[in-house]
Amino acid sequence: MGWRVIDGRTEYMVNPLGLDERTPRFFWKLQSNDRDASQSAYRILVASSPEALGRDEGELWDSGKVASDRTAHVAYEGKPLQSEGKYYWKVRSWNRGGIASDWSEINYWTMGLLSREEWKGAWIGRKAEPNVELQPSPYVRKEFRVEGDIRRATVYATALGLYELRVNGRTIGDKFAPGFTDYDKRVQTQTFDVTPWLTEGDNAIGAVLGDGWYSGTVGFLGNHVYGERPFFLLQMNIEYADGRRESVATDGSWRTAKGPIVYSDMIKGETYDARLELTGWDRPGYDDSGWERPDVRAGYNGLLTATIEPPIRVTQTLKPLSVHKTEQGTYIYDMGQNMVGWTELKVRGARGTKVTISHAEMLNPDGSLYLDNLRVAVQQEHYILKGEGEERYEPSFTFHGFRYVELIGYPGEPNLDTIAGKVVHSDTRPTGSLRTSDPMVNQLISNIAWGQQGNFLSVPTDCPQRDERLGWTGDAQIFARTASYNMDVSRFFAKFMQDMIDCQQPSGAFTDVAPDAGWIRHKMWNTRLNWFAPDNAGWGDAGVVIPWTLYLMYGDKRILETHYEAMVRWVEYLRTNSTGLIRPDYANYGDWLSIEADTPNEVLATAYFAYSAKLLSRIAGALGKTDDEETYSRLHGDIADAFRRAFVSEDGRIHGGTQTVYVLALQFGLLTEPLRELAIRHLAEDIASRGGRLSTGFLGVGYLLPALTDNGRTDVAYGLLTQEEFPSWMYSIKHGATTIWERWDGWTEHNGFQTPSMNSFNHYSLGSVGEWMYRYMAGIEADPKAPGFRRAIIQPRPGGRIASVDASYESLYGTYKSSWTLDADGAFKLRVLIPANAAATIHVPGNRISIDGQPAAEGTSSFELGSGSYTFESRLQ
Ligand code: RAM
């Protein structure tokens, strides 16, 4: 009994504002206490007021009763949506017994400004100060009057650079808006409902601008990559109750000034002089007669598109674990966790006192901060006191990767309350949880999640501390599946895919980094850093792997449709730039940061070419393009033939002989059945010959444990997972790691720190083993035949020293759970939860299987089940 609609979403979001998608998609979940509960029909109503919906009138769209089990990606099919429209919707669902739910709660969304002509404002900024390398952050402001009752006031805003919006003294919105895009092509716009914050009479609106990725330092590419200084664009549309409409938009009548932020740069840190604060500047009545007229920019040729990415927010505040005074009189704090964000400081002292806050991931052997791996990045804030009692400070437009914080020049004796760590990232909701009986494995799971949240900041960055922090596509593709178990990355990766498309080359090549930050434009790949290229194997392939991952995990067909042509162009590019379907040995990072095992580039690149072709064939199939499905499936087969001819000998040895060549050949379908058997033997032998240790780099590591498990060597997979000797995941954990390191040998007992020129301690790529833990160890797998977890495959693989696993994944249909225990005597117990309107194929290991206490039919080990919770027991010995 009980049949309820919950969690209504529009374009994956709860009540989003400012969409520019003209056929937004609806999502809802169902709740039922019954087993095997599923939807037989739904009806959606869309109206322009909640009152109309209250009368069950969907004047814009009444879907009628649609016989369907769909509860995700149901596209709007009503009357055309208008710019700035606010739309309300509700849905009701019928179960298979024909029982109707109540109507859902009313949800809404708004549309943004749908055409360029509707943007009335001008781009405003502040003239650069001569001969100043790092410019002060401009403040911009405007006062306006409100006369009468307001029905709705909406701000549409964006910046070339970053902005923090203020309305009547209040900060509105999130951090680092509008996010990182290729500003030569597009900038994302944000929409805010400011109705509650306006008052009758005088009001003030303003913003603080930051350089961000637009004009500040980007990675190692220097500053001014896209422009010289930031510009701001805003339009506030006010609708009065009596029907009047007014707009306040950025133009030459605004005022600008510099303030306390002497500079704030993502890579170079911030200096803040509290003596220069502009108290009251964001409230009405402030005297801005000394402020300057803004510099008005002629225009902007890129696109203004509604934000796709989730907002960047402070999601947690960490208290330090310890503090101690150094011989130099500074104070070093340990936050207990390598984190990304910044430090909030509390301080009292004389006006003009300067306190420096310095950040590092590790300590040197002498206890000082290890800063060598930052390259030219400066993870420091300098705060100059105004001397007015307790002062609180946090920076505006910079962030750091750190576990240790040093206070230099602090007046008085700081304590554990003096600082707090603000954890900042793209706010992708957690969707997965995983606990095992093994504390070290649990630490690994935690390290992967921290690596993900710290590095998912507008784009999936490679690292948060040195002068890099770029959207490396290879890292993103290898980690995408792990990421999508941990957190809801549907929109985060949809945005990143847009970034990849924006810098796809005319040739069809997908770049190594997206947004490419002028990299290709400035031809950095054949001048300064001559081994970079636009099309590296395993990097460019992200252009196919990521949409496919979004399809598997979220059932998102639209992303496949939207980018289909681009994916075809990539695969055709690879075909054109290969000889006899063998990709050349050129411009590859290889199996990046593998350990004493160099995979030949041509083997790696040909394997990935085959993989892209294979995924493209599946994508074509999902879209009903049967000719293409056939074409690319044949291409995959032909590449596999060429691969075997060129690289595989009769005894199953693959050129290069690394673990990665075997793993990729196995997982990408490049071997015949007899060769598979030989290959797995060679792979296992190589692992054994290294003392049960791995040697894979970024490209091989994600497939290593899956390849072993798929080919009957789950024992070896578990051995690698819990291996504690170098190189291994547990080696870093044994030595205190709280995040995944960039390199297996980032620090070792024998050699200390690796080269400081590239040694990040917060880098998610080698954490792609998370995928195996969800899909194989816990056994929660998406069924590609009913993607988006409409159906799951639950197939736990117990093994190794793990006695229990407790896993859950919150899919678009609701929460799946797989929890198992394995006793020393071989008794295995599995509990599974399947959400309403979903189903699963459950594979139970062992024999003498029972389900809910009843013996299963002899020989039956797999079960097709609908929603509900089930308990299985079996014996593994
Ligand atoms: C370094 C980083 C990054 C990787 C490139 C190839 O900059 O390790 O993660 O993708 O190299």
Side-chain angles (χ1 to χ4, degrees), residues 180 217-222 267 338 340 361 372-377 401 447-448 451-452 454-480 482-483 496 499-500 503 509-520 524-526 528-543 545-546 586-595 598-599 601 604-605 608 660 696-702 727 732 739-747 753-769:
F180 187 12
T217 312
V218 181
F220 42 69
L221 303 168
I267 302 280
N338 197 357
V340 178
E361 296 184 286
D372 297 356
N373 68 338
L374 302 181
R375 302 197 304 219
V376 311
N447 292 8
I448 295 170
Q452 173 169 347
N455 280 297
F456 279 30
L457 198 143
S458 188
V459 299
T461 62
D462 62 323
C463 59
Q465 72 299 86
R466 67 177 180 235
D467 57 337
E468 192 154 337
R469 315 184 196 182
L470 295 171
W472 285 96
T473 52
D475 307 36
Q477 69 87 4
I478 203 67
F479 190 70
T482 303
F496 188 57
D499 295 331
M500 288 199 69
C503 50
F510 281 123
T511 53
D512 299 338
V513 168
D516 86 345
W519 187 316
I520 302 286
M524 294 195 64
W525 48 278
N526 63 14
R528 230 161 81 190
L529 305 157
N530 65 12
W531 52 293
F532 290 121
D535 60 351
N536 277 305
W539 271 255
D541 301 282
V545 175
I546 288 174
Y586 129 88
N588 281 285
Y589 304 123
D591 183 23
W592 189 241
L593 304 180
S594 60
I595 194 99
D598 286 341
T599 293
N601 289 339
L604 195 78
Y608 261 96
T660 292
T696 45
F698 285 19
L699 295 188
V701 67
S732 68
T739 37
I740 300 290
W741 297 351
E742 176 173 27
R743 324 173 72 119
W744 296 114
D745 58 355
W747 181 91
F753 289 114
Q754 244 285 7
T755 169
S757 64
M758 209 190 74
N759 199 16
S760 154
F761 289 96
N762 191 356
H763 218 87
Y764 56 70
S765 307
L766 298 177
S768 57
V769 65

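These numbers come from the heavy atoms of this one structure, side chains and all, not from hydrogens, waters or symmetry mates. Each ligand, and each atom within it, is numbered from 1 in the order the structure gives. Everything numeric in this text was worked out from a predicted model, so none of it was measured.
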Any nitrogen or oxygen of Tyr589, side chain or backbone, less than 3.5 Å from one on ligand 1?
no
Could you list the atoms of ligand 1 found under 4.0 angstrom from a heavy atom of Trp539?
6 (C), 10 (O)
What atoms of ligand 1 come within less than 4.0 Å of a heavy atom belonging to Glu468?
1 (C), 2 (C), 7 (O)
Under 3.5 Å, is there a donor-acceptor pair between the Glu361 and Asn338 side chains?
yes
To the nearest 0.5 Å, tell me how far Trp539 CH2 sits from Trp592 CH2.
7.0 Å
Heteroatom distance test (Glu742, ligand 1): nitrogen or oxygen, under 3.5 angstrom:
yes
Minimum-distance pair of heavy atoms, taken over all atoms of Arg375 and Ser757:
NH1-O, 2.8 Å
Would you mind reporting whether Phe180 and Val218 have side-chain heavy atoms less than 4.5 Å apart?
yes
Any idea which atoms of ligand 1 are less than 4.0 Å away from a heavy-atom of Arg466?
1 (C), 2 (C), 7 (O)
Looking only at heavy atoms, the pair that brings Ile595 and Pro727 closest together is CG2-CG, 3.6 Å
